[in-house]
Structures are given as structure tokens and as C-alpha cells.
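One structure is given below, encoded as C-alpha cells.
All figures in this text were calculated on a predicted structure; none of them were measured in a lab.
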Amino acid sequence: MDWPADESVVRVAVAPGQEVVVHELGAGHPLCCLPGLGADHTAFAPNVRSLALRHRCLVVDQVGIGASSPVTGPLTMARLADDVARVIAERTEGAADVLGVSMGGMVAQHLALRHPDRVRHLVLGCTGPGGPAAERADPAVTRQLLGGDARDPVTAYRNACRVMYSEEFQAQHPEVIDGAVEWRAHHLVRGQTFRAQWDAIRGHATGDDLPRINAPTLVLHGTHDRVMPPGNGAVLAARIPGATLEWFEGRGHLFFQEDPEATSERLGGWLGAQAPGPRGSA
């Protein structure tokens, strides 16, 4: 993954004996970026340079990922959200715009619910409400996401890529898939971390609580997302007061990697058009 070399890397204590690594780049109002299941900061490699032109990007390697502390005990969305709240408290003047994708978008929802004072604006990409409000993926797709019949982690990740990217993108850009698989071969995710994150995803359910989110919210979703079917984005937008929904036509689960220019344009345009703070704040 082509990650900028001019980043700053800091460690933030989130609990006794537990630290997460934050990759910082750019200047401006802070934008805290949260990647998905098993992913580290490089999930945002196609986007971070353009985002850093207008924001100080704080890209979090969540606990168990990369050089962050190993997972100890079970993970919950509440715990992960509390970790991010600590990062924002330590690395900003108190609040940040928050971009969460996939599992990171689930963490972002819990962050906005548990720590509303830390979230200036909320951007939810390729994620959903979980629980009974969710539109479920085809079980065969979920099985592929989790590696299918692979007997080694590299093959498992290639299987996952077959459902995370749209079929059209895979056909047009096989080099992107090969590059992602090559990167994962040298940056394996601990099995304990993957299982703990998956358990946290299974326990995620915000459907009834979404109307309490008071941060201005943008929902981004690919129309060809098989991992997190598009109906999930529609539910988020319908239940979060005043939320804006933007579709990425023909794009898959990782729409932000398939179309980084459009992602940065839409996200930047929306953030630039927002009021200085959350609804109801000065």
C-alpha cells in the first residue's frame, strides 16, 4: 500500500497497559478515520493524501491491529468507541469530524451515541445498524468474506477481496487486488484480533438508538455492496435525523478505494458546507 512517508505516528493510551497507534497527516480541522474488519490505516491509502489537503487526518489502528496493543479480553463496539474518544480527547482540542467505514462505521455510530461531544460531523461509509434493523448479506457472501475454504490467511484474504470489491472493478484493476493481497501477506492480522472484532460486529445493534445521534451525518454507500447490502445505508439515513445519503453507483463494499476521487470530492464538499458544530451547538 502506498502510504505517505511524511506522516507522524503517535501512541495513545486508551486503558491501563493498552495503547493504540494513530497515523497523523495534514493540517486543518481533525478528521478521525476508522477502518474496517481486520484493516489497518492503509485501508485509507487511496484517500488520505487528498483528505489531508483540508484536514489533519488521524487514522487509527484499533487495538490488536498493527503496532497497537494486542487484544486482551472480549471486544465490544462500546470499548472500541471509548478508545476512539480517548484518541480524540488526546490529539485534538476536544472534537473531530469522524469517518468510519464498515466495522469502523459501526464504531463511529457508538462513538456518536456514547461521546457526542467528541463528534463534530459524522461520515458513515459502507456500514449499517446491525441487529433486527439490518439488511443481511447473503450467507455465501459472508462466508467468502471470512475466508471461505482457505487453508492459509493469504488465500483467505484473496477470497474476501472477491466480495469486497465490485466485479467490474476486479476485472478492470486486478493489480489493486494483487497489491492488497501482497500487502496482507506481509502484515497478517492476529487470529485472536479477527475473531474478537467479528464478535463485536455480531453484537452491534444501534437501530433503536440512531435517532439520538445529533451530529450532522453523511451516509456513503456503494450500490453493488454485497458485504453490507445497500439497504443498510438507507436505514441509517432514514433513522439519523437530518442525515444525507450519497450513493456510489456500481461500486462495491470498498467504494472509497474503487473511486477515491469521488469519495474525497463528496466528503470534502459535504464537510465544507456544514455549520461549525453539531446541531444545537453554538
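Looking at heavy atoms from C-beta onward, Pro4 lies in side-chain contact with Arg49 at the 4.5 angstrom threshold. Taking 4.5 Å as the limit, every side-chain heavy atom of Ser166 sits out of range of all side-chain heavy atoms of Phe255. Side chains of Leu188 and Tyr157 form no contact here, defined as non-hydrogen atoms less than 4.5 Å apart. Using a 4.5 Å cut-off on side-chain heavy atoms (C-beta onward), Leu145 and His253 make no contact. Side-chain contact between Thr127 and Leu236 is present, with at least one heavy-atom pair separated by less than 4.5 Å. For the pair Val22 and Val59, the minimum side-chain heavy-atom distance is 4.5 Å or more. Between Leu58 and Thr92 there is a side-chain heavy-atom pair separated by less than 4.5 Å. Using a 4.5 Å cut-off on side-chain heavy atoms (C-beta onward), Val14 and Val84 make no contact.
Counting non-hydrogen atoms of neighbouring residues, nucleotides and ligands closer than 6.0 angstrom, the CG atom of Asp152 exceeds 12 such neighbours. Arg86 CZ: 12 or fewer foreign heavy atoms inside a 6.0 Å radius. Open room surrounds CD on Glu168; 12 or fewer heavy atoms of other groups in view lie less than 6.0 Å from it. Crowding of Glu167 atom CD: a count of heavy atoms from other residues, nucleotides or ligands under 6.0 Å not exceeding 12. With a 6.0 Å radius and a threshold of 12 heavy atoms from other residues, nucleotides or ligands, Glu265 has its CD atom at or below the threshold. Within 6.0 Å of the CD atom in Glu175, the count of heavy atoms belonging to other residues, nucleotides or ligands exceeds 12.
Looking at Thr217, its side chain does come within 3.5 Å of a backbone N or O of Ala215 through a donor-acceptor pair. In terms of modelled atom types and a separation under 3.5 Å, the side chain of Glu135 and the main chain of Gly231 share a donor-acceptor contact. For Gln170 (side chain) and Tyr165 (main-chain N/O), a donor-acceptor pair under 3.5 Å exists by modelled atom type. Put simply, the side chain of Asp61 never gets that close to the backbone of Gly66: no donor and acceptor are under 3.5 Å apart. Panel note: side chain Gln192, backbone Val71; a donor-acceptor pair is recorded below 3.5 Å. Listed for the Ser102 side chain is no donor-acceptor partner under 3.5 Å among the backbone atoms of Gly36. Judged purely by atom type and a 3.5 angstrom limit, Ser264 uses its side chain to pair as donor or acceptor with the backbone of Pro260. A donor-acceptor pair under 3.5 Å is absent between the side-chain atoms of Asn159 and the main chain of Gln144, judged by distance alone. In this structure, His221 contributes its side chain and Met228 its backbone to a donor-acceptor pair below 3.5 Å.
Atom CD1 of Ile65 and atom NE2 of His187 lie 12.0 Å apart (nearest 0.5 Å). In this structure, NE2 on His41 lies 10.5 Å from CG on Leu25, to the nearest 0.5 angstrom. For the atom pair CD (Gln257) and OG1 (Thr42), the distance works out to 8.0 Å, reported to the nearest 0.5 Å. Within the model, atoms CG of Asp6 and CD of Glu24 stand 12.5 Å from one another, a figure rounded to the nearest 0.5 Å. Atom CG in Leu210 sits 5.0 Å away from atom CD1 in Ile240 (nearest 0.5 Å). Atom CD of residue Glu19 and atom CG of residue Asp83 lie 11.5 Å apart, to the nearest 0.5 angstrom.
Minimum interatomic distance between Ala205 and Gly131 (heavy atoms only, all atoms of both residues): CB-CA, 3.8 Å. Of all non-hydrogen atoms in Phe44 and Trp3, the two that sit nearest each other are C-CZ3, 4.0 Å. A pairwise comparison of heavy atoms in Cys32 and Val60 identifies SG-CG2, 3.8 Å as the closest pair. Taking each heavy atom of Phe256 and Cys126 in turn, the nearest pair found is CE2-SG, 4.1 Å. Scanning both residues, Val21 and Ser68, for their nearest heavy atoms gives N-OG, 2.9 Å. Nearest approach of Ala43 to Pro35, heavy atoms of both residues: CB-CB, 4.1 Å.
A side-chain donor-acceptor contact under 3.5 Å links Glu7 and His23. At a cut-off of 3.5 Å, with distance as the only test, a side-chain donor of Gln18 or Arg79 sits close to an acceptor on the other residue.
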TODO: Tell me, with the steps shown, if Arg56 and Leu31 meet side-chain contact (heavy atoms from CB on, under 4.5 Å).
DONE: CA-CA 6 Å; Arg56 181 163 68 95; Leu31 174 65; over 6 Å; no
Task: Candidate pair Asp97 and Arg54, rule salt bridge (Lys or Arg N to Asp or Glu O under 4.0 Å), full reasoning - done: CA-CA 12 Å; Asp97 297 334; Arg54 289 184 278 190; over 6 Å; no
Task: Worked verdict on Leu271 versus His55 for side-chain contact (heavy atoms from CB on, under 4.5 Å) - done: CA-CA 10 Å; Leu271 286 174; His55 304 277; 3.5 Å; yes
Open item on the list: Checking Leu75 against Leu80 for the side-chain contact (heavy atoms from CB on, under 4.5 Å) test, could you report, in this order, the C-alpha distance in whole Å, the side-chain angles of both residues, the deciding distance, and whether it holds?
Closed with: CA-CA 7 Å; Leu75 284 185; Leu80 293 169; 4.2 Å; yes
Open item on the list: Checking Thr223 against Asp225 for the side-chain contact (heavy atoms from CB on, under 4.5 Å) test, could you report, in this order, the C-alpha distance in whole Å, the side-chain angles of both residues, the deciding distance, and whether it holds?
Closed with: CA-CA 6 Å; Thr223 61; Asp225 189 339; over 6 Å; no
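Under the salt bridge (Lys or Arg N to Asp or Glu O under 4.0 Å) criterion, the residue pairs touching residues 249-259 are Arg251-Glu258, Arg251-Asp259, with sequence neighbours excluded.
Criterion: ILVMFWY side-chain heavy atoms under 4.5 Å apart, direct or through other members. Under it, Val235 and Leu218 are not part of a common hydrophobic cluster. Phe194 and Val20 end up in the same hydrophobic cluster when Ile, Leu, Val, Met, Phe, Trp and Tyr side chains are linked at under 4.5 Å.
Salt bridge Asp209/Arg239: absent, no basic N to carboxylate O contact under 4.0 Å.
For the pair Arg266 and Phe248, the cation-pi criterion (under 6.0 Å, within 45° of the ring axis) is fulfilled.
Remark: Arg143 pairs with Asp149 by the salt bridge (Lys or Arg N to Asp or Glu O under 4.0 Å) rule, at least two apart or across chains.
Ring pair Phe169/His173 is tilted by interplanar angle, where 30° to 60° counts as tilted.
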Do any side-chain atoms of residues 103-117 form donor-acceptor pairs under 3.5 angstrom with protein atoms, and if so which ones, sequence neighbours left out?
residue : atom : partner : partner atom : Å
Gln109  : OE1  : Thr206  : OG1          : 2.6
Gln109  : NE2  : Gly105  : O            : 3.3
Gln109  : NE2  : Gly128  : O            : 2.9
His110  : NE2  : His204  : ND1          : 2.9
Arg114  : NE   : Asp82   : OD1          : 2.9
Arg114  : NH2  : Asp82   : OD1          : 3.3
Arg114  : NH2  : Asp82   : OD2          : 3.0
His115  : NE2  : Asp82   : OD1          : 2.7

